[in-house]
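In what follows, a single structure is set out as structure tokens and then discussed.
Convention: sequence-line order gives letters A, B, ...; per-chain numbering from 1.
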Amino acid sequence: MKEWRAEKLMPGALIPVGGTARQYKTGGWRSEHPVWDERACKQCFLCWIYCPDGSIKVRDGKVIGIDYDYCKGCGICANECPADAIKMAEGGEPNG
Amino acid sequence: MKEWRAEKLMPGALIPVGGTARQYKTGGWRSEHPVWDERACKQCFLCWIYCPDGSIKVRDGKVIGIDYDYCKGCGICANECPADAIKMAEGGEPNG
Amino acid sequence: MAKLTEKIVAITGNAAVAQAMRQINPDVVAAYPITPQTDIAETFAEFVADGLVDTEYVTVESEHSAMSACVGASAAGARVMTATSSQGLALMWEILYIAAGMRLPITMTNVNRCLSAPINIHCDHSDSMGARDSGWIQIYSENAQEAYDNVIQAIRIAEHKSVLLPVMVNMDGFIVSHSIERVELLDDEVVKRFVGEYKPVYPLLDVENPVTHGPFDGLGGFYFEHKKAQIEAIERSRKVVLDVADEFKRISGREYGCFEPYRLDDAEVALVVLNSAAGTSKCVVDAMREEGYPVGILKLRVFRPFLARELSEALKHLKAVAILERATSPGSFGPLYAEIRSALYDLEARPKMVNLIYGLGGREFRPEHAKEAFGVCLKVAQTKRVEKPLGYLGLKEVEVIS
Amino acid sequence: MAKLTEKIVAITGNAAVAQAMRQINPDVVAAYPITPQTDIAETFAEFVADGLVDTEYVTVESEHSAMSACVGASAAGARVMTATSSQGLALMWEILYIAAGMRLPITMTNVNRCLSAPINIHCDHSDSMGARDSGWIQIYSENAQEAYDNVIQAIRIAEHKSVLLPVMVNMDGFIVSHSIERVELLDDEVVKRFVGEYKPVYPLLDVENPVTHGPFDGLGGFYFEHKKAQIEAIERSRKVVLDVADEFKRISGREYGCFEPYRLDDAEVALVVLNSAAGTSKCVVDAMREEGYPVGILKLRVFRPFLARELSEALKHLKAVAILERATSPGSFGPLYAEIRSALYDLEARPKMVNLIYGLGGREFRPEHAKEAFGVCLKVAQTKRVEKPLGYLGLKEVEVIS
């Protein structure tokens, strides 16, 4: 990614690079955090469908956990999981 | 209907009676007029459904003709009639 | 949520407005949530859910629909309220003119927030200023107390038989809407009696007396005459605003005019301000007066109708005036500046004037900015020359590639 | 429809604009039909269907969508045009600010029509006047020829590297949009060369150089500075408008400035007018000059940016000026009046001024109205007194129950 500083303002507030949202780690917003239980997970992908921030990590076609960099702790995944494989835990930090 | 004259203006252009659109006979807009053929009509009511001005006259559950007071001569009825029971004729006046 | 019984409470501007709405107990509220107004829509929805009001709450899919539903409900004969902000006001812009043209006494709180682009959720006055031709009465509020008081008075102004026009009550987004302040609430009964029962003049729902609202009035008709009648109605509101303020003083002890002069009589230079910047500026006036500077403030409360004659009278003795504006009209001066200059145009001796833009997109307005503004005025008064008629307060120094 | 090859044709204002759009051949047009603009959308759609242009024509479901699609297409890197009127402009109001704030050089024809309520499809200027803070450059056209010429020039103004702002070209609904006039069309090739190829600066579709358009810029950011940059851009357009007009004169022989004085130099009283009323007023000037009256006209072509200094210079020698307005700001004076008074505020000797509202909702503006306006001015000049600062031309005498 090219270097860009806000101090050099572009016309129309244009940012001369793409994908800058990635730099903004919204995980810091959490007051609770989801905990994913690999054994209980039935790989139904409902959490992946419902997560408003694309924070369900997937590899090789399987859910493998939570992306805590961007998960805002809204709890929708825990609410929707039919297998109780995701539970909300206190505090923003997963390893707190 | 109560008498009302535009010369006495009400706040917000309010008209102190209802149903005034009835007084505005839009039939005068026609440059062609539809002619309904009772014998050819299959009473499918497609004309009635399509007419944008409610100008297909109905009595006792049957189409009985055109309301020339309000028909603007758009020709949609003639276009939609599957039985060719409505044809557009020249001139605005049905008895011209 | 418990019903508030305390007379003096610590609440946000949004909560104060929601309390006013609860006490007014309107027949219909149609509103859509938008930052920073959301609290109002949310809190009032709780009041509805808790049965504290009898209001029919219409949850709409946009602000265009919100104002359209308000128009329909008001024409039907209901007492109608709503609240919005920024892009919400912008989206209902088309319908604002329709509400005023149909002479519907809708009352709306607008939580002032800037307009995109760039996207920004913070305070400026571009939203309400952009609606200044819509025919709505516009009232501005310095703080939560004034927002509360203005909303209650707005009902009486809007519904007054000689007015019948919608009223927009403005307060600064976040700065007032989200800050907790000391607010004196009136007793529920007192507010109920003050606003009284709403008796619509030509309600659509009176099926015994059918009427037609919002008809077509084309080329051969009377559109021009109806606009003239609408203009006369907002002219008549000048007196009604003051009469309602008098009556409000009797129930609250709090005094309101169309504008508030602050140490203005013996001032030589002054700022004209709206909304929360007035508070900051008053502090600076007091401090500068201590140092002997002849400074004062004119805080505008009512912007529509515009008090041209009265403002001219109030400002004419000054040597220099800075019109502070939290809005711009790119390619020209700020909206307030042009109208105030116009108001004073015919004076033989006119104060020198500068237009100072501040606080766009929520940029803070600090005491040093008010001080800077007075500094500009004092220099103009001394030199009798305006170097830069248009200036900016609080701009960051950055390189802009444009 | 056959391709026009005649240089001099008899066409409506709408057809003239459609021809300009055909010759400009924009990449994208997103438009929604609305009376009295419909002809433009329809005729241009025929050009697309007939393969006379390469334009991607986006048929949208509303004007809010039309302007949104224009914003997206312009950010993507396309040369974008559209057209609207009245409620259409009102519905896209929110997005107008976004187009300007994002510095997108969209060109739009607005066929001036009044705003509801009451519903009325005829001409006044409330629509474009209500968008005067949106950051768009606004150009007004007296007749079909000027509308055609202005649309072609607008492309160059909007896309100029030092400007990059949207431009709105206005003409009077029905009076110009639907009247057939003599119009000189330029050769297709000449227009093509004049507007040149559009080279977008930061196109979204340039995937090799990714950029982000329309980002959030919150409290700690630079919203204020971006607005300042936008204001500087529209300030720079003052020069660009004149440069483009010079160049346009070379290809057309027709001269344009930011405003047009008509027998103004040696006049003692004058009218300031926009759009088609200028033509009627000029005839009256000629007739009254024959009778020895020192009358003149200032026709404003460019309203945004507002030429405060130049207008002050052009009007300062007059004894009385009537600002004629086809728009109102209920509760205040007309938009033009306040800004022109503001522009002349600092003059030692100022012309007396009156604000005359005319033609709302399409009410005809006839020679006798121009004559009446001059009569008011002459009386003011003679008596040196303004009896009524706000007057109306052509109001019917009716009883209004308000």
Side-chain angles (χ1 to χ4, degrees), chain C residues 87 90-91 93-94 97-98 101-102 114-122 126 129-130 132-133 135 214-219 222-234 304-306 328-333 335 337-339 341-342 345 350 360-363 392 395-396 398 400 402, chain D residues 87 90-91 93-94 97-98 101-102 114-122 126 129-130 132-133 135 214-219 222-234 304-306 328-333 335 337-339 341-342 345 350 360-363 392 395-396 398 400 402:
Chain C
Q87 308 302 128
L91 186 50
W93 197 81
E94 179 186 11
Y97 285 71
I98 293 174
M102 287 176 66
C114 68
L115 295 171
S116 298
I119 306 175
N120 177 302
I121 57 170
H122 295 279
S126 307
M129 281 291 154
R132 67 192 176 284
D133 299 349
F216 178 81
D217 196 338
L219 200 54
F222 300 91
Y223 180 95
F224 197 178
E225 288 69 30
H226 280 298
K227 279 292 153 196
K228 177 66 161 57
Q230 185 186 330
I231 289 165
E232 283 170 10
I234 198 167
R304 283 290 179 273
F306 188 71
T328 64
S329 191
S332 189
F333 289 86
Y337 178 76
E339 295 204 29
R341 302 250 292 181
S342 175
Y345 179 88
R350 299 168 305 293
L360 301 187
R363 183 63 47 81
Y392 296 84
L395 261 187
K396 293 181 190 172
V398 288
V400 181
S402 54
Chain D
Q87 309 302 129
L91 185 50
W93 195 82
E94 179 185 12
Y97 286 72
I98 294 175
M102 286 176 67
C114 70
L115 295 172
S116 297
I119 308 175
N120 176 302
I121 58 171
H122 294 279
S126 306
M129 280 293 153
R132 67 191 176 284
D133 298 350
F216 178 81
D217 195 336
L219 200 55
F222 301 91
Y223 180 94
F224 197 0
E225 289 68 31
H226 280 298
K227 280 292 153 195
K228 177 65 160 57
Q230 184 186 330
I231 289 165
E232 284 171 10
I234 198 167
R304 284 287 180 274
F306 187 72
T328 65
S329 192
S332 188
F333 289 86
Y337 178 77
E339 295 204 28
R341 302 250 293 182
S342 175
Y345 179 88
R350 298 167 306 292
L360 300 187
R363 183 63 46 83
Y392 297 83
L395 260 189
K396 292 181 191 171
V398 287
V400 181
S402 56

Report task. For each of C:Ile231, C:Leu395, C:Leu91, C:Ile121, tally heavy-atom pairs with chain D at distances under 4.5 Å, and name the one with the top tally. Result -> C:Leu395
Report summary line: Assert top hit (heavy-atom pairs under 4.5 Å, partner chain D, pool C:Pro305, C:Ser329, C:Gly101) equals C:Ser329
Requested in this report: Determine the option with the most heavy-atom pairs under 4.5 angstrom with chain D, choosing from C:Thr328, C:Leu115, C:Asp133, C:Ile98.
Outcome: C:Asp133
Report task. Under 4.5 Å, counting heavy-atom pairs only, tell me which of C:Met102, C:Arg132, C:Glu339 racks up the most with chain D. Result -> C:Arg132
Report task. Over all heavy atoms of both residues, which pair between D:Arg341 and C:Ser342 is shortest? Give the atoms and the distance, please. Result -> NH2-O, 2.7 Å
**Report entry** Side-chain donor or acceptor of D:Trp93 paired with backbone N/O of C:Gly130 under 3.5 Å
**Finding:** no
Requested in this report: Check C:Gly218 against D:His122 and note the closest heavy-atom contact, atom names and distance.
Outcome: C-CD2, 4.4 Å
Query raised in the report: Which of the residues C:Tyr223, C:Phe216, C:Tyr97, C:Tyr392 is involved in the greatest number of heavy-atom pairs with chain D at under 4.5 angstrom?
Result: C:Tyr223
Requested in this report: Pick one of side chain, backbone, both or neither for C:Ile119, based on which atoms fall under 4.5 Å of a heavy atom in chain D.
Outcome: both
Query raised in the report: Is any side-chain heavy atom of C:Lys228 less than 4.5 Å from a side-chain heavy atom of D:Lys396?
Result: no
Query raised in the report: Side chain, backbone, both or neither: which part of D:Gln230 has an atom under 4.5 Å from a heavy atom of chain C?
Result: side chain
Report summary line: Shortest non-hydrogen pair, C:Gln87 vs C:Ser116, comes out as OE1-N, 2.7 Å
Query raised in the report: So which heavy atom on D:Tyr345 is nearest to which on C:Arg350, and how close?
Result: O-NE, 2.9 Å
Query raised in the report: Contact part of D:Arg304 toward chain C, heavy-atom cut-off under 4.5 Å: side chain, backbone, both or neither?
Result: side chain
Report task. Pick one of side chain, backbone, both or neither for D:Leu360, based on which atoms fall under 4.5 Å of a heavy atom in chain C. Result -> both
Query raised in the report: Considering all heavy atoms of both residues, which atom of D:Ala117 and which atom of C:Lys227 are nearest to each other, and what is their separation?
Result: O-NZ, 3.3 Å
Report summary line: Greatest number of non-hydrogen atom pairs under 4.5 angstrom with chain D, of C:Pro215, C:Gly135, C:Gly362, falls to C:Pro215
